[in-house]
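Read the structure below first, then the notes.
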Amino acid sequence: MTDRGPASAKAEVTIDAEPATVYGLITNLPTLASLAEEAEAMKWCKGDGVAPGAVFKGTNRNGLRRWTTTCTVTDADPGRAFAFDVSYLGVPIAHWRYDITAKDGGCLVSEGTWDRRPGWMAKAGGLATGVSDRDTANDGHIRLTLKRLKERAEAG
């Protein structure tokens, strides 16, 4: 999977912290899980941590609904980019990407997602997750994640 084409949801934020600091927060799975709205936990299960091909499990929740995904790292460029493909039972679900650009002593961070679900899975996914409009939900989730990332990074 790649991030070709327009993102399904995307936002950016300027953070008063070094790119390496922000990258460290994004690639620390317990930290990323604490920042993301639906994520409950993220845990490495294959590979030596942050590197293309490494795999982690994401445990997600929305109210009483819970689901687990498999995430495969596609890009890991320290201080610049972190991206991963998400699947559920082997079916492609999404591609997520964080880009970090140094800017005025801090950095500009963008987070985007590309919905990769086959059409038949959109309705089933909505029932399983309680979210019928995934793009709108992800747009709000990304904005919240970036707000939390900014607060955490700038707090030191």
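Cluster membership check: V55 does not share its hydrophobic cluster with F82, using side-chain heavy-atom separations under 4.5 Å among Ile, Leu, Val, Met, Phe, Trp and Tyr.
W96 is listed as a side-chain neighbour of I142, based on a closest heavy-atom distance under 4.5 Å. The shortest side-chain heavy-atom distance between I26 and L149 falls under the 4.5 Å cut-off. P118 places a side-chain heavy atom less than 4.5 Å from the side chain of V91. Proximity of R97 to W114: side-chain heavy atoms (C-beta onward) are separated by under 4.5 Å at one or more points.
Of all heavy-atom pairs between N60 and A39, the closest is OD1-CA, 3.6 Å. Listed here is the closest heavy atom pair of C107 and A17: SG-O, 3.5 Å. A pairwise comparison of heavy atoms in A76 and V50 identifies CB-CG1, 3.6 Å as the closest pair. What you find for I100 and P19 is that their closest heavy atoms are CG2-CB, 3.7 Å.
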Salt bridge (Lys or Arg N to Asp or Glu O under 4.0 Å) between R66 and E40, worked out: CA-CA 9 Å; R66 304 247 186 298; E40 189 168 75; 3.6 Å; yes
message: Between K147 and E151, does the side-chain contact (heavy atoms from CB on, under 4.5 Å) criterion hold? Intermediate values first, please.
response: CA-CA 6 Å; K147 177 182 180 283; E151 290 167 356; 2.9 Å; yes
- request: Determine, step by step, whether K57 and T70 satisfy the side-chain contact (heavy atoms from CB on, under 4.5 Å) criterion, reporting the C-alpha distance in whole Å, the side-chain angles of both residues, the deciding distance to 0.1 Å, and the verdict.
  value: CA-CA 5 Å; K57 292 286 184 186; T70 301; 2.8 Å; yes
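Taken to the nearest 0.5 Å, the NE2 atom of H141 stands 10.5 Å off from the OG1 atom of T136. A distance of 8.5 Å separates OG1 of T113 from CG of D135, quoted to the nearest 0.5 Å. In this structure, NE2 on H95 lies 6.0 Å from CG on D75, to the nearest 0.5 angstrom. Atom OG1 of T72 and atom NZ of K46 lie 7.0 Å apart (nearest 0.5 Å). One distance of note links CG of N138 with CD of E38; it measures 6.5 Å at 0.5 Å rounding. Interatomic distance, K10 NZ to S110 OG, rounded to the nearest 0.5 Å: 4.5 Å.
For D115 (side chain) and R117 (main-chain N/O), a donor-acceptor pair under 3.5 Å exists by modelled atom type. Looking only at distances, no side-chain donor or acceptor of R116 sits under 3.5 Å from a matching main-chain atom of A94.
Between R143 and E111 there is no salt bridge, since none of the side-chain N atoms of the basic residue sits less than 4.0 Å from a carboxylate O of the acidic one.
For L29, the side chain to side chain contact (heavy atoms under 4.5 Å, CB included) partners at least two apart in sequence or on another chain are M42, W44, F56.
In R80, the CZ atom is not crowded: 12 or fewer heavy atoms of neighbouring residues, nucleotides or ligands sit closer than 6.0 Å.
A side chain to side chain donor-acceptor pair (under 3.5 Å) check over residues 20-35, counting only residues at least two apart or in different chains, returns the pairs N28-T31, S34-R152.
Of the listed residues (T59, V86, L89), just one forms a side chain to side chain contact (heavy atoms under 4.5 Å, CB included) with T69, and that residue is V86. The side chain to side chain contact (heavy atoms under 4.5 Å, CB included) test with Y98 is passed by exactly one of L25, V22, T145: T145.
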